[in-house]
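Single-structure report; data block below.
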Amino acid sequence: MATIDGLPPLREVIRAHELVAKKQLGQNFLLDLNLTAKIARQAGDLSGCDVLEVGPGPGGLTRGLLAEGARRVLAVEKDARCLPALAEVQAAYPGKLDVINGDALEVDVLSHLTPPIRVVANLPYNVGTELLIRWLTPKSWPPFWESLTLMFQKEVAERIVAKPRTDHYGRLALLAQWRCEAKIVLHLPPEAFTPAPKVHSAVVHLTRLPGPRYPADEAVLSRITAMAFNQRRKMLRSSLKGLGPQIEAQLEAAGIAPTARAEEISLEGFCALAREVARKPEQKPE
Ligand code: SAM
């Protein structure tokens, strides 16, 4: 069967290199090259961009990214068994694909990439959220990437794009939406993967904003939202009382009823509260 790039179909690649999926590495492979090209297209025009891909596996999404015209792809793969398959992709796209065999949580990728940079990945579920949080909380903003196009299990994707007063709304939504535009661009059923996972998946596309939507100190915002959502059903005057006796006044100054609950408060509201808290430092009870 002809493929988008003249390389063998992924099923054959997996068979030839004996890539039996390992659960502990989150290996659920995409074998349909039309689908991987579609995912690559969600990242926008790749022709002038370096793309960072985490977990290329046998190279399905990598081939989609290259077929869609990525200037260069840097792929970081932990499983050395995938390297021979990726070498075949390198040979088909000379000078366009670099592969690092390593753990994406440890490898320094920045020295290998030239801006503009987009991140596109069918992430291993076990490290996906951790990587996303790292990418969303760099030392300074804007981050090294222009956009993130990432596959997650559907429930995590819903937490990233969630709005107030919904079940999925929480810290991840606030973190993602504070400095990014975040939307779900594709839903995938379990059967899209080999082997099929138990859960549905979705691709989220995040575009960085030049700066935060509302001013706030990142550490204060993070502390407040952690406290508020750790006890999401409690009134804020109670879940935030560890910040000191002035918290009721600070909530009111931020335009938030002290009896409101975390899930009712918008991003704008949390940022206003973070500014109030930063203005008047914690007071310890006498
Ligand atoms: N991109 C391929 C695809 O779409 O078919 C494979 C996706 S599979 C869900 C996740 C991939 O991430 C696997 O190839 C796995 O070996 C790799 N992986 C798991 N943990 C990793 C880590 N910490 N760093 C880099 N790669 C990792």
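All values below were derived from every heavy atom in this structure, side-chain atoms included, with hydrogens, water molecules and symmetry-related copies excluded. Order of appearance sets the numbers: ligands from 1, and atoms from 1 within every ligand.
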Any idea which atoms of ligand 1 are less than 4.0 Å away from a heavy-atom of [X]?
X	value
D79	16 (O)
A104	22 (C), 23 (N), 24 (N), 25 (C)
G26	8 (S), 9 (C), 10 (C)
G57	14 (O)

Out of curiosity, is [X] lining ligand 1, as in a heavy atom under 4.0 Å away?
X	result
E106	no
C82	no
V76	yes
G102	yes

Protein contact of [atom] - nearest heavy atom, named by residue and atom, plus distance:
atom	answer
atom 3 (C) of ligand 1	N122 ND2, 3.5 Å
atom 6 (C) of ligand 1	G55 O, 3.3 Å
atom 23 (N) of ligand 1	D103 OD1, 2.8 Å
atom 19 (C) of ligand 1	L25 O, 3.2 Å

Could you tell me which non-hydrogen atom of [X] sits nearest to which non-hydrogen atom of [Y], and how far apart they are?
X	Y	result
R261	K234	CG-O, 3.5 Å
S239	A228	OG-CA, 4.0 Å
P190	K198	CG-O, 4.4 Å
N122	N28	ND2-O, 3.6 Å
P258	E252	CG-OE2, 3.6 Å

Under 4.0 Å between a side-chain nitrogen and a carboxylate oxygen: does that hold for E12 and R15?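 No.
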Assess whether a salt bridge exists between E248 and K241, defined as any Lys/Arg side-chain N lying under 4.0 Å from an Asp/Glu carboxylate O.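 A salt bridge is absent here (no side-chain N lies under 4.0 Å from a carboxylate O).
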Ring geometry between F229 and F270 (parallel below 30°, tilted from 30 to 60°, perpendicular above 60°):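 Rings of F270 and F229: tilted, as their planes differ by 30° to 60°.
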Proximity of P56 to ligand 1 by residue part, where a heavy atom lies under 4.0 Å: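 It is the backbone that touches ligand 1; the side chain stays farther off.
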Select one of side chain, backbone, both or neither to describe which atoms of L30 lie under 4.0 Å from any atom of ligand 1, heavy atoms only.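 The answer is both.
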Any donor and acceptor pair, going by atom type alone, linking the side chain of R232 with main-chain N or O of Y169 inside 3.5 Å?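 Here the side-chain-to-backbone pair exists.
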Would you find a donor on one side and an acceptor on the other, under 3.5 Å apart, between the side chain of E276 and the backbone of A272?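 Looks like no, no N/O pair under 3.5 Å.
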Closest to [atom] (judged by heavy-atom distance), picking from [options]:
atom	options	value
atom 16 (O) of ligand 1	E77, K22, Q24	E77
atom 22 (C) of ligand 1	Q27, E53, K78	K78
atom 18 (N) of ligand 1	A21, P124, G64	P124

Would you give me the side-chain donor-acceptor pairs under 3.5 Å for residues 179-188, sequence neighbours excluded?
{"unit_1": "R179", "atom_1": "NH2", "unit_2": "L136", "atom_2": "O", "d": "3.0"}

